[in-house]
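Below is one structure; the comments refer to it alone.
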Amino acid sequence: MLRGGVGPPTRRPPRRLHPSLRSLATRPVTPGGRRPPTWDRCRAPARAVPPGYRAAPGRPPRRGDPMSEHEVVEEHEKGREAFESEEAYRLHCLRHSTAHVMAQAVMRLFPDASLAIGPAIEDGFYYDIDLPRTVGPEDLEAIEREMKRIVKENQRFEHERWDRETARAFFAERGQAFKLELIDGIPDDEVSIYRNRAKDGSEFVDLCRGPHVMRTGQCKHFKLLRVSGAYWRGDAKNKQLQRIYGTVWPTRKELDAYLYRLEEAKKRDHRRLGQQLELFMFHEYAPGSAFWLPAGEHIYNLLSQRMRTLLAAEGYHVVKTPMVFDKKLWETSGHWQHYKDDMFWFPEDHDAEDGEEGRILALKPMNCPSHMLIFGAQRRSYRELPYRIHDQGALHRNELSGALSGLTRVRQFRQDDAHIFCAEDQVGDEVARLIDLLDRVYGAFGLGYRVVFSTRPEERLGDDALWDKAEAALEKALQDSGLDYKLAPGDGAFYGPKIDIYLVDALERAHQCATIQADFQLPRRFGLSYVGADNQPHVPVVLHRAIYGSFERFIAILIEHYAGRFPVWLAPEAVRVMTVSEKSLEHGRKVTEALRAAGIRVHFDDSDAKIGYKIKMCHERKVPYMAIIGEKELAAGTVSVRSRDEGDLGSMTVEAFVARVAEEAKPRL
RNA sequence: GCCGGGGUAGCUCAGCUGGUAGAGCAGCUGAUUCGUAAUCAGCAGGUCAGGGGUUCAAGUCCCCUCCUCGGCUCCA
């Protein structure tokens, strides 16, 4: 999500991952790195055809005519096309099927439950259910036990087609109001139904597009993870349901690997490491706003400085703009109309009588309007274009209290924000330069990335000719870059097409950070123009762009990506010098000074603790290098070096050590 | 904002069905001068998130507020 775009972010919780990237995070990370053979145990139904039934009109649903083998195969081939790989398709079937198994189990335990939807999602599945009471962890265990029984029974997933009235009657009789709503939303005359028959003669019948695996026995390696609230159709005005999340994998090994990955992610959680490493803190007096402690501020500031330097070299003008603006600015940009609830604002005159019209001021949630003012403050020539403005000013957004989370969802943050004012025919070049730039930036951190190109949405501003031009320019730049990218038709902003970049971290999780958005609307709203070579006024195109995105979020990703083990060039503390005993204090001091003189961030642990204890403390801080100084080193004028990642490196001369660390401390960016 | 977990010493956590708060680490003081992931002893540290209520008695039960965590359109 572009935290600096002009789009009117609606007041709703964030979508976590772009749908077109769903498969990205589903890749299992096995400790050995190799993927186990899986698919022999998860057979999708196309090869072996499950019995299907078609209900004849007017007949009771159970007595349908069997769906022909050909039809079933055809259907599954069709379903498969929507997936990028056989693997993705089979996982989808497995996950969706396990959602059914869970629903079946829930219905056994809570006969009054009412089922909403239960899709397959990244890494698992969920089912939204209206339950008579709230369920807790003990209930999840009970549901799991029931699911295991169903798996053991190895029930078939029988596919049937019913006419809609039969289906309506069936679900109405069972009080399944959500299913009725879903049926009413289906345009076809027939609806698709899946049926599971239990050994005891009971049945589980669900409205479902499918496809499914053949039998419940395939859904063996699952685990229910958590339960939370979710609104029917995602709308806070609707009834809130209980959403039960689970995960499922074709093999035990993959399930274990996934659970291991969850554990690993928990260990790397930036909130936990942020406290452990004293990078930042929060206080209830400033919900959603981080306090950057010295170690964290070091990283923040380093990223900030490197980006300024980089962008200055790219021809950007670095500016600083006001924090508080008259609400008129936000009316001009359109934020006030769409986004007022997410802004912090207040009357200029606090003593104004009730009803008295005073000036309203607002903290900026985005930088773009003030950049529009800068561009518009002078008469601009085409010779000045592309005119690039970079601004790292603090932004404030009044996020929903329930949406706040660590550094990733905050109320105050800064971006490596910039706006590029250019002529229409310069868009392609600028985008190409940006792609080159972000490739360099992400490369410096060892982060991979994926690119998604989003084109015109149904509801949009501007004429189609302009959209044609913009989309063509962006796409050409993408093609020229040689990058793989995915197309997301209709996912663009209402004011222009965009390119979103998803970072892939060490745990193969995707995070949206960078974005490049073309905007044809904002310059018009601000009445901007430049004088062209033809001596006529032209409206510039604006590119909204960010590479880190917000510093807060990017640092959170870095913390988790590195698991707190920052490389020397980023680490707040590069070396800790420690003495074995007081006898070597003097030499320790000298070594510390030598490192400091070389510009290395070093701390001298001259306490009287034992060396083993000092090493342990240092490990907990994840300092990359330890220089151990004892009487041997004192006599030889050396240091004994221990690396965080490689262990004891033996002794070397002070000069060699300083040179080694200095080399690693050079900014990679 | 909504649903559901949490909030006990700086940190991690214990405290059963109500009977007046505890451990480890960190801190301080002292001893110890030690060779690659925890030296010993002593001391100090809490309005049990905040407020209200029930009770002879509340960390524990009830209500309100704040903060925090998991979620809240990956659409049969």
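This one's a predicted model, so the numbers in the text were calculated from it and none came from an experiment. All heavy atoms count here, side chains included; hydrogens, waters and symmetry mates do not. Note on naming: letters A, B, ... go to the chains in the order of the sequence lines (proteins, then strands), and numbering restarts at 1 for each one.
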Between A:T98 and A:C219, is there a donor-acceptor pair closer than 3.5 Å when you use the side chain of the first and the backbone of the second? no

Could you check how far CZ of A:R411 sits from C1' of B:C66, rounded to whole Å? 12 Å

Rounded to whole Å, please give me the gap between CZ in A:R272 and P in B:G70. 14 Å

Can the positive tip of A:R450 be found less than 6.0 Å from the middle of the six-membered ring of A:Y502, inside 45° of the ring normal? no

Partner lookup for B:A23, please. Criteria are Watson-Crick or G-U wobble with both distances under 3.5 angstrom; report none if nothing qualifies. B:U12

In whole angstrom, give the distance that lies between atom OH of A:Y285 and atom C1' of B:A49. 10 Å

Can you find a side chain N or O atom of A:S401 that sits less than 4.0 Å from OP1 or OP2 on B:G1? yes

Quick one: do A:E160 and A:R195 make a salt bridge, cutoff under 4.0 Å? yes

Should the pair A:R168-A:D184 be classified as a salt bridge under the 4.0 Å nitrogen-to-oxygen rule? yes

Decide, yes or no, whether a salt bridge links A:R197 with A:E203 under the criterion of side-chain N to carboxylate O below 4.0 Å. yes

Taking atom P of B:C75 as reference, at what distance in whole Å does atom OH of A:Y127 sit? 13 Å

Please determine whether a side-chain nitrogen of the Lys or Arg among A:D235 and A:R233 lies less than 4.0 Å from a carboxylate oxygen of the Asp or Glu. no

For B:U47, the nucleotide meeting Watson-Crick or G-U wobble distances (both under 3.5 Å) is none

Applying the Watson-Crick and G-U wobble criteria at under 3.5 Å, what pairs with B:U55? Answer none if nothing qualifies. none

Nucleotide forming a Watson-Crick or wobble pair with B:C40, both distances under 3.5 Å: B:G30

Single hit among A:I628, A:T579, A:D605 for side chain to side chain contact (heavy atoms under 4.5 Å, CB included) with A:I611: A:I628

Below the 4.0 Å mark, does B:C69 have OP1 or OP2 next to a side-chain nitrogen or oxygen of A:R271? yes

Inspect the contact between A:K590 and A:E586 and indicate whether a charged nitrogen and a carboxylate oxygen are less than 4.0 angstrom apart. no

Over all strands shown, is A:G124 touching base, sugar-phosphate only, or nothing at heavy-atom distances under 4.0 angstrom? nothing

Taking OP1 and OP2 of B:U12, is either one under 4.0 Å from a side-chain nitrogen or oxygen of A:Q275? yes

Using a 4.0 Å heavy-atom cut-off across all strands, classify A:Y245 as base, sugar-phosphate, or nothing. sugar-phosphate

Nearest-Å distance once atom P is located in both B:G6 and B:C16: 14 Å

What nucleic acid atoms does A:G406 come within less than 4.0 Å of, heavy atoms only: base, sugar-phosphate, or nothing? sugar-phosphate

Nearest-angstrom distance from the residue atom NE2 of A:H283 to P of B:C66: 16 Å

What does nucleotides 30-43 of chain B look like as a protein-contact string, B for base, S for sugar-phosphate only, - for none, at under 4.0 angstrom between heavy atoms? --BBBBBBBS----

Sugar-phosphate only, base, or nothing, as touched by A:L404 at under 4.0 Å among non-hydrogen atoms: sugar-phosphate

A:D206/A:K179 salt bridge by N-O under 4.0 Å criterion: yes

B:U68 pairs with, by Watson-Crick or G-U criteria that keep both distances under 3.5 Å: B:G5

Distance check, C1' atoms only: B:C34 and B:U39, in whole angstrom units. 9 Å

Interatomic distance, A:D139 CG vs B:G4 P [rounded to whole Å]: 14 Å

Return the value, rounded to whole Å, for the distance between atom CE of A:M281 and atom C1' of B:C11. 14 Å

Heavy atoms only, 4.0 Å cut-off, all strands: where does A:I186 land among base, sugar-phosphate and nothing? base

Tell me the interatomic distance from A:W232, atom CH2, to B:G71, atom C1', rounded to whole angstroms. 18 Å

Would you tell me if any nitrogen or oxygen in the side chain of A:Y126 comes within less than 4.0 Å of OP1 or OP2 on B:C74? yes

Short side-chain N/O contact from A:R233 to OP1 or OP2 of B:U73, under 4.0 Å: no

Find the partner of B:G18: check Watson-Crick (N1-N3 plus N6-O4 or O6-N4) and G-U wobble (N1-O2, O6-N3) distances, both under 3.5 Å, and reply none if neither fits. none

So, is A:S405 near the phosphate of B:U68, with a side-chain N or O under 4.0 Å from OP1 or OP2? no

Could you tell me how far B:A49 sits from B:A21 if I compare only their P atoms? Round to whole Å. 15 Å

Establish whether the base of B:G71 is bridged to the side chain of A:Y231 by a donor-acceptor pair shorter than 3.5 Å. no

